[in-house]
Structures are given as C-alpha cells and as structure tokens.
Amino acid sequence: MPHLGRPTDRRAAKLTLLQQEPKTERLRISIISASIGAGHDGAAAELSRRLTADGHTVDRWDLLDLLPARAGRAASGLYHRLLEHAPWAYQRVYTGTEHAGGAGPAARALLRTAQERVLRALPADTGAVVSTYPGASHVLGRLRLTGKLTIPAVTYMTDFSVHPLWVAHGIDLHLAVHEVPAVQARALGAARVQVCGPATDPRFRPPRDGERAAARERFRLLPGVRYALLVAGSWGVGQVRRVAAEIRACGVAVPVVVCGHNQALARQLAADGIEHVHGWTDEMPNLMWACDVMVQNAGGLTSLEAFASGLPVVSYRCIPGHGAANAAALDEAGVARWIRDAAGLPTALDELMEGSAGLRQRISGLSLMPADPALGPAAAIIGVRLPAGHPAASPLQLAPDAPGKPGTPALRPAVRLAATFAAATAVWVSAVGTAVATGHEAPVLLRALEHHIDPDARKTAHPAVAPATENLR
C-alpha cells in the first residue's frame, strides 16, 4: 500500500475518492410564499439559502403578486386590519374554515385565477416546486390533480398546528417541523407527511462564550437583571401593551419589546414607560442571547428561532385563530408553555428562567433541529419522488385559457378581470359577513374595513374606534 504522506499520493487518493462518490443531481427549484406577515417569507428565504448552498438553482415567487388585479394585496391588507381592529371576527373566520374543512367556493375561485400565472412563472427546467403558504399549496395541488403540473409539489408547513387549509389534495409531500403537526396533517388526509425540523437561519443558535454578555452590552441591558423578550410578529399585533405592563408589574422580569413594523405601537409603549422598545430589527439573534425568556402570541417563525437559540418560550394572550392553535400544539409538544391567565404568568416566567423547567424546555427546543443536514427540509425537497401513476413526460404542460365548455371562446381579459374582482369580493364578504351581521362589535369592524378600503381614511383618526382598539390591546 502506498505511503499517503507524499503530496502526489494524497492527491491521487483524493481523486480516487471523488470518483467513487455518487454525483448529486443539481435541480432547479421554485418556492412560492406569500408576504403575509414575515413567517412564510422567512421560511422560504431559509429554504432557498440551504438549497442554493447545496448547488441547486432557486427561483422565488410571491403568491400575492401572482393573483390578478392586486387581489392578493387587498386580501393581505384586510387580514391585517382584522387582526388589528376585530380579532373576534378573524376567530370566526378561522373557526368557520376549520369546521368546513378548508377554503370555501369563493376562496377556491380566487385561487383558480392564479393557476395559469403560476404555470407561466415557473421556468421550463424546474424540477420541483415548494409552497410555504396554504393558498399556494391549493393552487399547486389543483395543477397536479389536473395534470398541468407534472413535477413534484411540496408543502412546507410553517405552523406548529395544522389548519385544514394547509392540506391540499394533489400535493406530493407535506413537510412538518415536529411530530405533533405531522399527526394533525395525517388526520386531515395529507399524503406523504415527513418530519424534517424547522427551517431557521443558522444565526439562531445558542450563544458561545462571551456572546451573551456582549449582546447585553449592545442593547444596554444590565448584568444580573432578568429580561423577558416580548414579540408579536412583523405586524406587532395583539395585546402587546397589556402584556408588557403585566410583565413589568409582576416584578419577575423586565420587558424588552419588539414591535416589528408597528411604529405606532412603539410610540405607545415608550409613552407607557417601557424602557426597552425596538422596531423591526435584523438583530434578533443578539436579542435572544441577551434575554432570559421569550413571550410570544402567534407561535410562528420567531418561536422556532428561539428554540434554535436555546431560549425558553411562553405563549401568552395569543392572537385568535392560529395564535391560540399554535400555542396548544407547542404546549403539547413540550417546547413552549401556554399560560392561559395572568395569575400563572409570574410563576411560569420564574421557573423557565431559573428552574429545571427552563432547562427541559431548552433541551426540547434544541432537539427540533436536525443534527444531520440530510434529515432537514432541504434534503427532503431534493429527495422527493413522484408516486406511481403520476405523469412525468415533461416538467410543465401549459394550457391556453380553458373554455368553460367545448367550443366556447376563451374569456377576454376584461371579462377575466371582472370575474377576478367578483371572486375577491365574494371572499371578502364570506370572510367577514357573518361577523358583521352577528357581532356586537360590528361598528369596529366596519371602521376597520373603511380604513383599509379608503387610503385617505388612514390619515384621519376615528374617535369611535380608539377606545375599542385600546381595549383589544
């Protein structure tokens, strides 16, 4: 056997090993997200980073831009207004679609308007397409069922709880961050569910020696003082002011609040005397290293980032709908404690910051992160294979505007535009109509809708809204 100490021998041995290694196919992957909040886009960005690092080509799309006539932006704005001004109405929408098993006819009609646009957006050499948003999954699932899309379609479920909207027939693989959402997805009829762990930025990790002290110094946090990081997503919605006041009043920790893009909330918190208030920031890893516990209300991407950072998490005064559902699932998985009343907040914070409960939760949170990259979501996407029976003659089968009946001419652009507006209006009405008709706080919702529809209304304060909005916080 040759001696491998000589350079020529080492180069020859390395070349032999490289020749023996199986060649990895480089694919072109498309990822479709939606800029509703930051969680869906955040997951898409991290999946894109990992796939690109592995040598694959990635194209990213926003479903809101693929819906015609700005219908997607209008729906996002309405959703934002509901969370801000009428969370009770959003809860009714969430519960109604949950009981109905997913999107209704009007929502499906709106999503159908994006099918052709999605097909035309995908490059011809695309090898697989991934959705990080339920609406995009329904578009892709329908295209797979009709045979117009003949490449694998994957859904990466960003939430810890699985609403029926996440499960779309026709999707080839559903990826879950934990076994709890995986079980829920299977119960809802999802095909091929795989647990792959979260897709979090590698900057989110436990602090190394000296990094915690440096982070505290950066944000002017005092040594020896316990701090609770309070987050409310990129929109800064929910009862943030109330929770910040309760944390401060209980005396167990000092609140450090991140308001996202909600500048009005940041000003209100400063007026309330909350000392540590931040807007949208790219320094969340440092903030997590500097604090002792995180209090959240939605259970989205920020919670997963806290787990990766080794920071204990409390769910408290959650926003309706997916916020409460995620809190229940996180609690069931043992990675975040769900506090349901103010009396339990001081004890929970104290135990997680100092007691064995905090250590157990840190271990549980860190265990979500796959130690082997081959078990992560990027590897699962690359490894997806078409089930038997699916056509795979060509990546895409673009079809012209399909007529309603044989011999019927395709819809003209003006007619399609009118149909799109009608579908969007139907979604709008079906989402809030029942709440307006039956809710005792209907005037608040109507004011919120006016605020969304009329751009000039945003410049004018509505005295009738202010007290009710304040009560929600």
Side-chain angles (χ1 to χ4, degrees), residues 29-37 39-45 47-48 58-67 71-72 75-76 79 94 97-98 100-119 121-122 126 128-177 181-182 184-196 199 300-301 321-322 325-326 377 380-381 384 386-387 390 396 427:
I29 310 294
S30 285
I31 301 178
I32 304 179
S33 180
S35 51
I36 298 179
H40 302 290
D41 280 345
L47 290 174
S48 176
V58 178
D59 303 289
R60 285 185 55 190
W61 312 96
D62 189 328
L63 180 67
L64 302 189
D65 295 330
L66 297 174
L67 288 168
S76 175
Y79 168 56
Y94 187 92
T97 53
E98 189 174 42
R108 290 196 297 270
L110 178 59
L111 291 173
R112 276 197 296 271
T113 65
Q115 290 181 18
E116 183 182 342
R117 287 169 172 249
V118 168
L119 281 177
L122 300 178
T126 302
V129 59
V130 182
S131 164
T132 63
Y133 179 68
S137 296
H138 281 271
V139 172
L140 296 176
R142 181 63 182 170
L143 290 172
R144 292 291 287 123
L145 289 174
T146 58
K148 294 181 179 179
L149 180 68
T150 57
I151 55 176
V154 179
T155 288
Y156 176 81
M157 299 181 292
T158 59
D159 285 349
F160 228 84
S161 65
V162 180
H163 187 280
L165 289 172
W166 271 114
V167 177
H169 297 297
I171 293 295
D172 300 287
L173 177 65
H174 291 78
L175 298 178
V177 300
Q184 294 181 4
R186 294 185 189 106
L188 291 169
R192 299 182 67 190
V193 181
Q194 180 177 335
V195 177
C196 64
L301 179 62
H322 66 276
N326 281 336
I381 291 167
V384 68
L386 291 177
H390 272 282
L396 305 174
V427 173

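Note: hydrogens, waters and symmetry copies are ignored here, and every other heavy atom, side chains too, is used.
Annotation for Ala380 and Leu173: closest pair O-CD2, 3.9 Å, computed over non-hydrogen atoms. Contact record, Ala114 with Leu67: CB-CD2, 3.7 Å, taken as the closest heavy-atom pair. Residue Leu64 comes nearest to Ser35 through the heavy atom pair CD1-OG, 3.6 Å, listed as atom of the first residue, atom of the second, then distance. What you find for Leu63 and Gly135 is that their closest heavy atoms are CD2-C, 3.6 Å. Of all heavy-atom pairs between Ala34 and Asp62, the closest is CA-OD1, 3.5 Å. Nearest approach of Ala44 to Ile31, heavy atoms of both residues: CB-CG2, 3.7 Å.
With rounding to the nearest 0.5 Å, the separation of CZ in Arg192 from NE2 in His174 is 11.5 Å. For the atom pair NE2 of His169 and CZ of Arg142, the computed distance is 11.5 Å after rounding to the nearest 0.5 Å. For the atom pair Leu143 CG and Ile171 CD1, the distance stands at 9.5 Å (nearest 0.5 Å). Note that OH of Tyr156 is 13.0 Å distant from OG of Ser137, once rounded to the nearest 0.5 Å. A distance of 9.5 Å separates CD of Gln184 from CZ of Phe160, quoted to the nearest 0.5 Å. Rounded to the nearest 0.5 angstrom, Leu140 CG and Gln115 CD are separated by 9.5 Å.
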- Query: Can you list the steps and then say if Ile381 with Leu175 is a side chain to side chain contact (heavy atoms under 4.5 Å, CB included)?
  - Reply: CA-CA 9 Å; Ile381 291 167; Leu175 298 178; 3.9 Å; yes
- [ ] Might you work through the side-chain hydrogen bond (donor to acceptor under 3.5 Å, both in side chains) test for Asn326 and Ser161, ending with a clear yes or no?
- [x] CA-CA 5 Å; Asn326 281 336; Ser161 65; 2.7 Å; yes
Check against side chain to side chain contact (heavy atoms under 4.5 Å, CB included), Leu119 and Leu149: CA-CA 7 Å; Leu119 281 177; Leu149 180 68; 4.3 Å; yes
Practice item. Please lay out, stage by stage, how Thr158 and Thr132 fare under the test side-chain hydrogen bond (donor to acceptor under 3.5 Å, both in side chains). Key: CA-CA 7 Å; Thr158 59; Thr132 63; over 6 Å; no
| request: Could you go through the side chain to side chain contact (heavy atoms under 4.5 Å, CB included) check for Val167 and Val162 one step at a time? | output: CA-CA 8 Å; Val167 177; Val162 180; 4.1 Å; yes
Self-check item: Verdict with reasoning, Arg60 to Asp41, per side chain to side chain contact (heavy atoms under 4.5 Å, CB included)
Solution: CA-CA 10 Å; Arg60 285 185 55 190; Asp41 280 345; 4.1 Å; yes
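Within the 4.5 Å cutoff, side-chain heavy atoms of His40 are placed close to those of Pro134. Within the 4.5 Å cutoff, the side chain of Trp61 has heavy atoms near those of the Ser30 side chain. A 4.5 Å side-chain heavy-atom check between Trp166 and Pro181 finds every atom pair outside the cut-off. Within the 4.5 Å cutoff, no side-chain heavy atoms of Ile29 are placed close to those of Asp59. Considering only heavy atoms from C-beta on, Leu47 comes within 4.5 Å of Pro377 through its side chain. The side-chain heavy atoms of Asp172 and Arg144, taken from C-beta on, include a pair separated by under 4.5 Å. Contact check for Val154 versus Val129: no side-chain heavy atoms found under the 4.5 Å cut-off.
Remark: side-chain polar atoms of Thr126 are not paired, donor with acceptor, to backbone N or O of Leu122 under 3.5 angstrom.
For the residue pair Ser131 and Thr155, no side-chain donor N or O sits within less than 3.5 Å of a side-chain acceptor on the partner.
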